[in-house]
Amino acid sequence: MHMSESVTEKVTYPTIATLSEHEGETIILRGWLYNLRESGKLLFPIFRDGTGTIQGIVPKAAVAPEVFDRIKGLTLESSVIVTGKVRADSRAPSGFELDVQDLEIVQQVSAETPFPISLKEHGVDFLMEHRHLWVRTPRQSAILRVRATIMRAAAEYFDTNGFTRTDPPILTPNACEGTSELFEMDYFDDGKAYLTQSGQLYIEATALALGKVYSFGPTFRAEKSKTRRHLTEFWMIEPEVAYIELDGLMELAENFISHIVARVLEGHRADLKVIGRDVTKLETIKAPFPKISYDEAAAMLAEAFKEGKIENEFVYGNDFGSPDETYISSQFDRPVMVHRYPAAFKAFYMQPDPLDPTKALCVDVLAPEGYGEIIGGSQRIDSYDLLKSRIEEHHLPLDAFQWYLDLRRYGSVPHAGFGMGIERAVAWICGLDHVRETIPFARTLNRIYP
RNA sequence: UCCUGAGUAGCUCAAUGGCAGAGCAUUCGGCUGUUAACCGAAGGGUUGUAGGUUCGAGUCCUACCUCAGGAGCCA
């Protein structure tokens, strides 16, 4: 297809998001046709450019006849280069309109294969099957912009607080924690390799080298989970810090989350409006966060059951189920940190509480409004002998953990870290009902296309 | 893996066991301020697949496929 020179020539073009700074100016917009309405000799094309949408107005008398016909014949999502004058107009949702003077078609979408995502409602299956086109819609674009800011703010928090980013391998020789289902692949003549389910064990090593470290990358779980909170491939950011204990870890987590939310509020009011998010729910998210022990949370659940506020009776000693987490988090207006769970159902590497060795020095951060766990973390066992016996108790292969045990042999110190699932954080901050909308191309149990 | 639910036009959905329909999208026509514009017309169907019951099945039965929600597990 022939592209005109103006697509690539060196000119600056204001984006739609910044048009308020160009009132009265004639500008050139490069984008796509989002919608087209007409009323007799008046055309109302709506353009998008990835930063927003703006309605153009084209009176037949105001432009050359061939320009009018060209616009009138446009199909949705055709790519166009528009010349027009920015004008403030109280009737426009954004406050501005574009008096179109000229329009060049870069590529016209064929009417025989119209853009499949209409402005009406669609089902989940259809939208996911067309995810490559769905991302063009205003709401999905807004979510992806917020996601980008959340990821940037998360990394920025650690980068500006003395952490060194040390990304762990994605291909690993064995299961990190022994329990989860992993994606398996052949690794030359050395047998099997697995896609990482967490970089935690590796960043414990780099934390003892560099003090404060974090990792940020994709993580894989082959669990056959089919819920609104699960993806088989998701992004996790994990700090690990030498010489901090559980209290320090909790302080880190609440400051970290507060920073991310502040950054989103700072730069994405318009996007959150498009998404339909109630921002007053985000404006309360400031450290310190409420902190309760597992025992206190369990007591809350017991009381709620007695008063008939929840249906299922919680059995002390078990992990919280999804409805339990929802109830606990609904009691607070900001994320709640639940600490000191029973060690019995927690990972083998968690440091026992010296005051009650049946409990682990761990913390889960439950997001408000029923979003559940967005962070899980703990203080790690620093004693060689205890860690070794835990590995044996969990029937994990001692050989594979020799390097991990070495960390307790050579200058072991108290250390702690947590992991935050990016998609769950995005779902909460954007107020979405499913994590599949929080990532450009979600990988779920039943979908690996497109 | 288990439980529950859903598959009908490109999309979203109707249709008591008795003529397979509407809105949107597409095409054509109308309208000088439309806001998922509106008004008129046209084209568009192997009712997920394979069997079965019945005079007759989109509808009832069986199996399978696909998808969704939830449980378990987790971030």
Side-chain angles (χ1 to χ4, degrees), chain A residues 34-46 53-62 68 72-73 75-77 89-94 97 99 109-130 133-134 137-139 177 179-182 197-200 218-238 312 318-326 345-347 364-367 371-377 418-428 433-436 438-439 444-447 449:
Chain A
Y34 172 68
N35 195 14
L36 177 63
R37 289 186 282 259
E38 57 175 296
S39 176
K41 304 290 180 287
L42 267 183
L43 302 178
F44 297 99
I46 300 179
T53 60
I54 187 167
Q55 174 168 283
I57 176 163
V58 192
K60 186 163 192 174
F68 187 85
K72 185 171 173 156
T75 38
L76 300 196
E77 285 303 317
D89 193 308
S90 58
R91 289 167 292 194
S94 69
E97 284 187 341
D99 288 324
V109 174
S110 166
E112 287 169 23
T113 54
F115 190 69
I117 316 281
S118 73
L119 275 53
K120 292 274 185 177
E121 286 178 22
H122 296 284
V124 168
D125 189 34
F126 178 81
L127 289 171
M128 289 304 288
E129 200 71 14
H130 295 84
L133 303 176
W134 188 24
T137 61
R139 179 182 157 86
E177 301 179 21
T179 50
S180 288
E181 296 279 332
L182 304 184
Q197 60 158 334
S198 164
Q200 183 210 309
T219 302
F220 307 87
R221 304 278 166 90
E223 293 286 349
K224 298 201 169 176
S225 299
K226 280 182 63 177
T227 80
R228 64 186 66 204
R229 301 177 307 281
H230 289 87
L231 298 171
T232 56
E233 177 183 324
F234 64 96
W235 284 65
M236 188 151 68
I237 188 161
E238 300 175 275
N312 294 321
N318 287 354
D319 200 356
F320 301 125
S322 183
D324 301 320
E325 286 186 352
T326 298
F345 58 76
K346 284 292 182 178
D364 281 359
V365 179
L366 308 182
Y371 280 93
E373 184 183 352
I374 54 170
I375 278 181
F418 64 76
M420 183 180 82
I422 292 295
E423 288 73 20
R424 285 190 182 177
V426 177
W428 160 53
D433 65 5
H434 203 297
V435 290
R436 68 182 154 226
T438 66
I439 187 169
T444 58
L445 183 55
N446 294 313
R447 188 173 300 283
Y449 176 92

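Below, each value reflects all heavy atoms present in this structure, side chains not excepted, and no hydrogens, waters or symmetry copies. Below, chains carry the letters A, B, ... as their sequence lines are ordered, and counting in each starts from 1.
- The residue among A/L445 and A/G421 whose nearest nucleotide of RNA chain B is located toward the 5' end is A/L445.
- Separation of the P atoms belonging to B/G48 and B/U8 is 6 Å when rounded to the nearest angstrom.
- A/I439 approaches A/W235 most closely through the heavy-atom pair CD1-CD1, 4.2 Å.
- Taking the P atoms as reference points, B/A20 lies 42 Å from B/U32, given to the whole Å.
- Here A/I46 lies out of heavy-atom contact (under 4.0 Å) with every strand.
- Nucleotides B/U47 and B/G10 are separated by 16 Å at their C1' atoms, to the nearest Å.
- The CZ-P distance, from A/F44 to B/C38, rounds to 14 Å in whole Å.
- With P as the reference atom, B/C19 and B/A25 are 30 Å apart, rounded to whole Å.
- For the pair A/F234 and A/R221, the minimum side-chain heavy-atom distance is below 4.5 Å.
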Atom pairs under 3.5 Å: protein N/O with N/O of nucleotides 21-26 of chain B:
none

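- In this structure, the CG atom of A/L133 is 17 Å from the P atom of B/G10, given to the nearest Å.
- In this structure, A/E121 reaches the bases: a heavy-atom distance under 4.0 Å links it to at least one base atom across the strands shown.
- The CZ atom of A/R424 sits 11 Å away from the P atom of B/C74 (whole-angstrom rounding).
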Start with the C-alpha gap between A/L366 and A/I374, add the side-chain angles, then the distance that decides, and say whether side-chain contact (heavy atoms from CB on, under 4.5 Å) holds.
CA-CA 6 Å; A/L366 308 182; A/I374 54 170; over 6 Å; no
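- Between A/F126 atom CZ and B/A9 atom P the separation is 12 Å, expressed in whole Å.
- Smallest separation of non-hydrogen atoms from A/E233 and A/F220: CG-CE2, 3.4 Å.
- In this structure the side chain of A/L42 never reaches within 4.5 angstrom of the side chain of A/V58, judged on heavy atoms.
- Heavy atoms of A/D364 sit nowhere under 4.0 angstrom from any nucleic acid atom.
- Using a 4.0 Å heavy-atom cutoff across all strands shown, A/E38 reaches at least one base atom of the nucleic acid.
- The nearest pair of heavy atoms linking A/L445 to A/T232 is N-CG2, 4.1 Å.
- One atom, NE2 of A/H122, and another, P of B/G7, lie 19 Å apart when rounded to the nearest Å.
- Per the geometry, CG belonging to A/D319 stands 7 Å off P belonging to B/C73, to the nearest Å.
- Salt-bridge formation is detected for the pair A/D364/A/K346: a Lys NZ or Arg NE/NH1/NH2 atom is positioned less than 4.0 Å from an Asp or Glu carboxylate oxygen.
- As rounded to the nearest Å, B/G17 and B/G52 have C1' atoms that lie 16 Å from one another.
- Distance CG (A/L43) to P (B/G33): 13 Å, rounded to an integer number of Å.
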Shorter than 3.5 Å, N or O on both sides, protein versus nucleotides 44-49 of chain B: list them out with atom names.
none

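- With a 4.5 Å cut-off on side-chain heavy atoms, A/Q55 and A/R91 do not count as touching.
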Tabulate protein N/O versus nucleotide N/O from nucleotides 68-72 of chain B, keeping only pairs under 3.5 Å, one per line.
from, atom 1, to, atom 2, distance (Å)
B/A68, OP2, A/N446, ND2, 3.1
B/A68, N7, A/K226, NZ, 3.2
B/G69, OP1, A/H434, NE2, 3.2
B/G69, OP1, A/R436, NH1, 2.9
B/G69, OP1, A/R436, NH2, 3.1
B/G69, O3', A/R228, NH2, 3.1
B/G70, OP1, A/R228, NE, 2.1
B/G70, OP1, A/R228, NH2, 2.9
B/G70, OP2, A/R228, N, 3.0
B/G70, N7, A/K226, O, 3.2
B/G72, O6, A/S225, OG, 3.3
B/G72, N1, A/K224, O, 3.4

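- Annotation: B/A9 and B/G44 have their P atoms spaced 15 Å apart (nearest Å).
- Rounded to whole Å, the C1' atom of B/C28 lies 39 Å from the corresponding atom of B/U16.
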Quick one: the dot-bracket string of RNA chain B, using Watson-Crick and G-U wobble pairs with both distances under 3.5 Å, [ ] for crossing pairs and | for bases paired to another strand.
(((((((..((((....[..)))).(((((.......))))).....(((((..]....))))))))))))....
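- When the C1' atom is used for both B/U12 and B/G18, the distance is 27 Å, rounded to whole Å.
- Residue A/G123 is in sugar-phosphate contact alone, with no base atom involved, counting any heavy-atom pair closer than 4.0 Å across all strands shown.
- Side chain of A/R424 to main chain of A/R229: a donor-acceptor pair is present (N/O by atom type, distance under 3.5 Å, no hydrogens or angles).
- Residues forming a side-chain hydrogen bond (donor to acceptor under 3.5 Å, both in side chains) with A/T326 (at least two apart in sequence, or on another chain): none.
- As rounded to whole Å, 15 Å separates atom C1' of B/C74 from atom CD1 of A/I374.
- Taken from CE in A/M128 to OG1 in A/T444, the straight-line distance is 5.5 Å, to the nearest 0.5 Å.
- Between A/H130 and A/F126, the ring-plane angle classifies as tilted under the 30° and 60° cut-offs.
- The heavy-atom pair separating A/S198 from A/E238 by the smallest distance is OG-OE2, 3.1 Å.
- A/W428 contributes atom CH2, which lies 14.0 Å from atom CD of A/E373 (distance to the nearest 0.5 angstrom).
- Applying the side-chain hydrogen bond (donor to acceptor under 3.5 Å, both in side chains) criterion to A/E129, with sequence neighbours excluded, gives A/R447.
- Atom CG of residue A/D125 and atom CG of residue A/N446 lie 9.5 Å apart, to the nearest 0.5 angstrom.
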